[in-house]
Amino acid sequence: MKRFIAGGIGAAAALLSAASVWAAQPSDWEYRFQPAATDIMQQIAWFEGYTLAFIIPVTLLVLVLLGYCIVRFRASANPVPSRTSHNTVIEVIWTVGPVLILLLLAVPSFQLLTNQYTPPEEAQLTIKATANQWNWDYEYQTDDALSFNSAMLQEDDRAASGKEDKSVYPRLLAVDNEMVVPANTMIRVLVTASDVIHAFAVPSFGIKSDAVPGRLSEVWFKVEKEGFYYGQCSELCGKDHAFMPIAVRVVAPEQYESWLAAAKGDLPAANKALTAQIEAAGKLAAAN
């Protein structure tokens, strides 16, 4: 029994260590949303299932009625067509039914929309994200502000940057410098652009906002789980639109503080130190 418990603890530690490098990204044959990393995304996923509970029965009902009408009222079965022009009962049902369905959809959709635009608490960190053709500039609104550029990681640079594991740093989504934020912290992102209209979108956070030159838009998120989260510019912005990824690395608050202090002096070194620290902690947890 002791060995069994020890094995279970070890397995749990391994799972926890895996969570530190867990990455939300597109997967082959994916037909649903990415795993939710925020409360808002969980609400969006719930609302999707809720709407499907209406869409599927209505679609099947219409399909059955169409099939019935095709068979029952075909010309060979009805050589003399009916002259009926109105049916009060059917018209009432066909009017009241959709109205009730729309009401049942409208109430939770308005609640979700309100929640998306109403943060439950004040932001503890504000980051300005400026879109360029075809990369992102991030500016941390802190004392002695930190600014850096984030562009898609080139395949030839994987070895030098220590990002050879494509399960964590996927092709066309990995970047040279990730946005690093603390877990369980309210983050505000001010979104704008320097040239044309772009869009800041991270599916697992449930956020998407146009980046318009000369205008500031605001999105917010509070991530519950550490790891990597990927998104992309989702507005057609030019020939390299498909090569403008967004990568967000969520770490423990103490790891974020040490990274921020080091990044203000040497960003590449701070990123490598953060990666090494997390990988070492994961290996230690797995060994234990």
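Just so it is clear, the values below take in all heavy atoms, side chains as well, and ignore hydrogens, waters and symmetry mates.
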Are any non-hydrogen side-chain atoms of [X] and [Y] less than 4.5 angstrom apart?
X      : Y      : value
Ile246 : Tyr138 : yes
Ile127 : Glu139 : no
Ile187 : Pro182 : yes
Lys128 : Leu216 : yes
Gln43  : Gln116 : no
Tyr256 : Thr185 : no
Val251 : Ile278 : yes
Glu155 : Arg171 : yes

For [X], does the [atom1] atom sit with more than 12 other heavy atoms under 6.0 Å from it, leaving out its own atoms?
X      : atom1 : value
Glu30  : CD    : yes
Asn87  : CG    : yes
Ile197 : CD1   : no
Lys264 : NZ    : yes

Derivation of the side chain to side chain contact (heavy atoms under 4.5 Å, CB included) call for Arg188 and Glu218: CA-CA 7 Å; Arg188 177 194 293 118; Glu218 179 180 316; 3.5 Å; yes
Grab the two heavy atoms, one from [X] and one from [Y], that are nearest each other, plus how far apart they are.
X      : Y      : value
Ser150 : Asn177 : OG-O, 2.7 Å
Leu173 : Pro245 : O-CB, 3.3 Å
Ser209 : Ser217 : OG-CB, 3.2 Å

Looking at [atom1] of [X] and [atom2] of [Y], how far apart are the two atoms once the value is rounded to the nearest 0.5 Å?
X      : Y      : atom1 : atom2 : answer
Asn132 : Asp137 : CG    : CG    : 4.5 Å
Thr275 : Glu178 : OG1   : CD    : 6.5 Å
Phe221 : Met41  : CZ    : CE    : 14.5 Å
Trp220 : Glu122 : CH2   : CD    : 12.0 Å
Leu146 : Gln141 : CG    : CD    : 10.5 Å

Going by the angle between their ring planes, with limits at 30° and 60°, are Trp46 and Tyr50 parallel, tilted or perpendicular? parallel
Any idea how Trp259 and Tyr140 line up, ring-wise: parallel (<30°), tilted (30 to 60°), or perpendicular (>60°)? tilted
Judged by atom type as modelled, is there a donor-acceptor pair below 3.5 Å linking the side chain of [X] to the main-chain atoms of [Y]?
X      : Y      : value
Thr38  : Val223 : no
Ser204 : Pro35  : no
Thr118 : Asn115 : no
Thr192 : Ala129 : no
Arg158 : Lys163 : yes
Asn149 : Trp136 : yes
Thr130 : Ala193 : no

Using a 3.5 Å cut-off and no angle test, enumerate the donor-acceptor pairs between side-chain atoms of residues 92-109 and protein atoms at least two apart in sequence or in another chain.
{"from": "Thr95", "atom 1": "OG1", "to": "Glu91", "atom 2": "O", "distance (Å)": "2.8"}
{"from": "Ser109", "atom 1": "OG", "to": "Leu105", "atom 2": "O", "distance (Å)": "3.1"}
{"from": "Ser109", "atom 1": "OG", "to": "Ala106", "atom 2": "O", "distance (Å)": "2.7"}

[X]-[Y] co-clustered via ILVMFWY side chain contacts under 4.5 Å:
X      : Y      : value
Met186 : Ile40  : yes
Val180 : Leu260 : yes
Phe200 : Tyr229 : yes
Phe205 : Val181 : yes
Phe33  : Phe47  : yes

Residues 57-77, side-chain donor-acceptor partners within the protein, below 3.5 Å, at least two apart:
{"from": "Thr59", "atom 1": "OG1", "to": "Ile55", "atom 2": "O", "distance (Å)": "2.7"}
{"from": "Arg74", "atom 1": "NE", "to": "Ser76", "atom 2": "OG", "distance (Å)": "3.0"}
{"from": "Arg74", "atom 1": "NH1", "to": "Val71", "atom 2": "O", "distance (Å)": "2.5"}

Before you tell me yes or no, could you show the steps for Leu274 and Arg249 under side chain to side chain contact (heavy atoms under 4.5 Å, CB included), namely the whole-Å CA-CA distance, both residues' side-chain angles and the distance that decides it to 0.1 Å? CA-CA 10 Å; Leu274 178 62; Arg249 183 166 202 165; 4.1 Å; yes
Take Met152 and Leu172, measure what side chain to side chain contact (heavy atoms under 4.5 Å, CB included) needs, and give me the verdict at the end. CA-CA 7 Å; Met152 188 180 73; Leu172 302 182; 3.9 Å; yes
Taking distance alone, no hydrogens or angles, what donor-acceptor pairs closer than 3.5 Å link side-chain atoms of residues 232-240 to residues at least two apart or in another chain?
none

Kindly determine whether Met244 and Gln133 satisfy side chain to side chain contact (heavy atoms under 4.5 Å, CB included), including the steps that lead there. CA-CA 8 Å; Met244 192 175 168; Gln133 290 179 313; over 6 Å; no
